[in-house]
Amino acid sequence: MRIAVTGGGPAGLAFAAFARLAGPPDEVTVWERRRAEDTYGFGVILPPAALDTLRRADPRAADALAPHLAEFDAITVHRHGRSLTTPAPHLGAVSRRTLLRILRQRCAELGVRLHQGDPAPGTAALTARFDLVVAADGARSATRAALAGEFGTTTERIAPDYIWLGAERAFGGLSFVVADSPRGPAVAHAYPYGPDRSTVLVEAAHRPDTRELDRLFAEPLAGARLLKNRSRWSRFLQVRNRTWSSGNVVLLGDAAHTAHYSIGSGTRLALDDAHALVTALRSEPSLGAALAAYEAARRPAVEHTQRIGLASAAWFAGLADSGDGGGASGMPPERFLVDLLTRGGRISMRDLAADATGAVPAGTVVSSR
Ligand SMILES: Cc1cc2nc3c(=O)[nH]c(=O)nc-3n(C[C@H](O)[C@H](O)[C@H](O)COP(=O)(O)OP(=O)(O)OC[C@H]3O[C@@H](n4cnc5c(N)ncnc54)[C@H](O)[C@@H]3O)c2cc1C
């Protein structure tokens, strides 16, 4: 089979490598419009389930990734000058650059044709020349847009306003910092992804500039600088599609669906999609049956994760607007931590245990200062 993949993010590269590994040898060509060194972003969370998927699909990629994972098992809340820490299930995070470098390396070793720095040809040209076109070109997929009516695409901007930054410091674990300013509160979600690096994602309705953010988060940053890399204030784009395939085009990863960043699931969903699509292509008798089987396998888990993501986003939007966590006003910090972990009761402990970044039965506060 001749397969074209538009987009060399986690979904496209993982699919290409997994497809070549699974054999029989398909010809797989990937187009990625950015040069390797232009990759945006800092670290992404990879829960154990994502690493399991990677290990099942490509043990060598999992081995290559393992030494680069920053691992942590605590959640800390900094609020009103106090810090509370609770144990959390094990989570890992890795630099997005490193993840992509490893996946690109695996693609090269496995004979994937990678056009790095080249925008993909148009959808009509690809569908005519290839047996299968995998649209892995992200939340704003042009491949999908060319057939938007067929896919039944809906997109929606979700509050709160956010900016994705880094910091030259490894936070002790997953950390949530609420900082008050005269123009309103700012909330940082931070987690380490290297010995001296963290992702710091900030939400604030008044969109403070970097200088104000440095000032607001000076205490938890402990003298470290905030870093920018294509960072800009935005609102999360929620993507849904009525169907994930049309003819010989199939949607993968963020092109098919997005789930709010506050539950840290996007990369995991992308890897799971890639694995499921390769499995379906190998096990089903026809392309049509494989694409239907892929969607049937993935849609329930994706919609569940999107639902949790929306509940989480709504809770954080309340916090960013009011500083009170949507009714958390005046709560003792311990109660605030529980409210965060269950996102104000909108997310059950079962949901959290299965899916979310705050994947914690909100336990005992083990340290407090
Ligand atoms: C602020 C923020 C924080 C996040 N935090 C996390 C987190 O902690 N954990 C997590 O798991 N996920 C996180 N995510 C989500 C995660 O980044 C995505 O879900 C994940 O990268 C999806 O992978 P993808 O390959 O589907 O899409 P993308 O990573 O978006 O990759 C798509 C690729 O396609 C390329 N492309 C686009 N158009 C074309 C074209 N025409 N031709 C060729 N190439 C093209 C792009 O350059 C890009 O490299 C976060 C996202 C945001 C916005």
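Keep in mind that the numbers below use all heavy atoms, side chains included, and drop hydrogens, waters and symmetry copies. Residue indices begin at 1 and follow the sequence shown. Not measured: the values here are computed from a predicted model.
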Quick one: [atom1] on [X] to [atom2] on [Y], what's the gap to the nearest 0.5 Å?
X      : Y      : atom1 : atom2 : value
Gln105 : Glu109 : CD    : CD    : 4.5 Å
Asp272 : Thr53  : CG    : OG1   : 4.0 Å
Leu213 : Leu221 : CG    : CG    : 9.5 Å
Cys107 : Leu21  : SG    : CG    : 9.5 Å
Glu168 : Asp196 : CD    : CG    : 7.5 Å
Asp161 : Arg207 : CG    : CZ    : 4.0 Å

Closest approach of [X] and [Y], non-hydrogen atoms and distance?
X      : Y      : value
His206 : Ser181 : NE2-OG, 3.6 Å
Arg268 : Ala50  : CG-CB, 3.7 Å
Pro285 : Ala289 : CD-CB, 4.3 Å
Leu252 : Gly12  : CD2-N, 4.5 Å
Arg298 : Ala276 : CD-CB, 3.5 Å

Check whether any side-chain heavy atom of [X] sits under 4.5 Å from a side-chain heavy atom of [Y], and report yes or no.
X      : Y      : answer
Leu271 : Leu46  : yes
Phe171 : Thr76  : no
Val249 : Thr143 : yes
Val178 : Leu319 : yes
Glu219 : His78  : no
Phe15  : Val278 : yes
Leu99  : Leu65  : yes
Tyr261 : Ser312 : no

Between [X] and [Y], is there a donor-acceptor pair closer than 3.5 Å when you use the side chain of the first and the backbone of the second?
X      : Y      : result
Ser141 : Gly138 : no
Ser265 : Ile263 : yes
Gln306 : Val239 : yes
Arg34  : Gly8   : no
Arg197 : Phe42  : no
Tyr191 : Ala70  : no
Asp131 : Met1   : no
Ser198 : Val200 : no
Ser175 : Gly173 : yes
Arg343 : Leu340 : yes

| field | Between Thr154 and Arg240: side-chain donor-acceptor atoms closer than 3.5 Å | value |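 Checked: Thr154/Arg240 side chains show no N/O donor-acceptor pair below 3.5 Å.
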| field | Salt bridge flag under 4.0 Å for residues Arg282 and Asp26 | value |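 Here Arg282 pairs with Asp26 in a salt bridge, since their nearest N and O are under 4.0 Å apart.
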| Is it true that Glu32 and Arg104 make a salt bridge, defined as a side-chain N closer than 4.0 Å to a carboxylate O? |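 Not counted as a salt bridge, because no side-chain N and carboxylate O are separated by less than 4.0 Å.
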| query | With His257, which of Thr305, Asn241, Asp273 fulfils side-chain hydrogen bond (donor to acceptor under 3.5 Å, both in side chains)? | reply |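 Going through Thr305, Asn241, Asp273 one by one, the side-chain hydrogen bond (donor to acceptor under 3.5 Å, both in side chains) with His257 is satisfied by Asp273 alone.
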| side-chain contact (heavy atoms from CB on, under 4.5 Å) between Arg97 and Asn229, worked out | CA-CA 12 Å; Arg97 272 175 193 274; Asn229 175 6; 4.0 Å; yes
If you count every heavy atom of other residues, nucleotides or ligands that lies below 6.0 Å from [X] atom [atom1], does the total exceed 12?
X      : atom1 : value
Arg232 : CZ    : no
Arg225 : CZ    : no
Arg235 : CZ    : yes

| task | Kindly state each residue pair satisfying salt bridge (Lys or Arg N to Asp or Glu O under 4.0 Å) with at least one member in residues 59-73, sequence neighbours excluded. | result |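 Listed once each, the pairs are Arg55-Asp63.
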| field | Residues which pass ring pair (Phe, Tyr, Trp, His ring centres under 6.0 Å) with His90, listed by chain and number, not counting sequence neighbours | value |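 Partners of His90 under the ring pair (Phe, Tyr, Trp, His ring centres under 6.0 Å) test: none.
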| For Tyr294, what residues pass the ring pair (Phe, Tyr, Trp, His ring centres under 6.0 Å) criterion, not counting sequence neighbours? |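 Tyr294: ring pair (Phe, Tyr, Trp, His ring centres under 6.0 Å) contacts with Trp244.
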| field | Phe316 and His189 aromatic centres sub-6.0 Å | value |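 Yes.
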Would a single hydrophobic cluster contain both [Y] and [X], if residues Ile, Leu, Val, Met, Phe, Trp and Tyr are joined by side-chain heavy-atom contacts under 4.5 Å?
X      : Y      : result
Leu174 : Leu84  : yes
Leu114 : Leu110 : no
Val30  : Leu100 : yes

| said: Under the criterion side-chain contact (heavy atoms from CB on, under 4.5 Å), I'd like the reasoning laid out for Leu132 against Leu291: C-alpha separation, chi angles, the key distance, then a yes or no. | reply: CA-CA 10 Å; Leu132 173 64; Leu291 300 186; 4.2 Å; yes
| So which pairs with a foot in residues 91-123 pass ring pair (Phe, Tyr, Trp, His ring centres under 6.0 Å), sequence neighbours left out? |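 Sorted pair list: Trp31-His115.
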| query | By salt bridge (charged side-chain N to carboxylate O under 4.0 Å, His left out), which residues pair with Arg33, not counting sequence neighbours? | reply |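 For Arg33, no residue satisfies salt bridge (charged side-chain N to carboxylate O under 4.0 Å, His left out) once neighbours in sequence are set aside.
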| request: Only counting residues at least two apart or in another chain, list the ones meeting side chain to side chain donor-acceptor pair (under 3.5 Å) with Thr258. | output: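 Once residues adjacent in sequence are excluded, Thr258 has no partner under the side chain to side chain donor-acceptor pair (under 3.5 Å) criterion.
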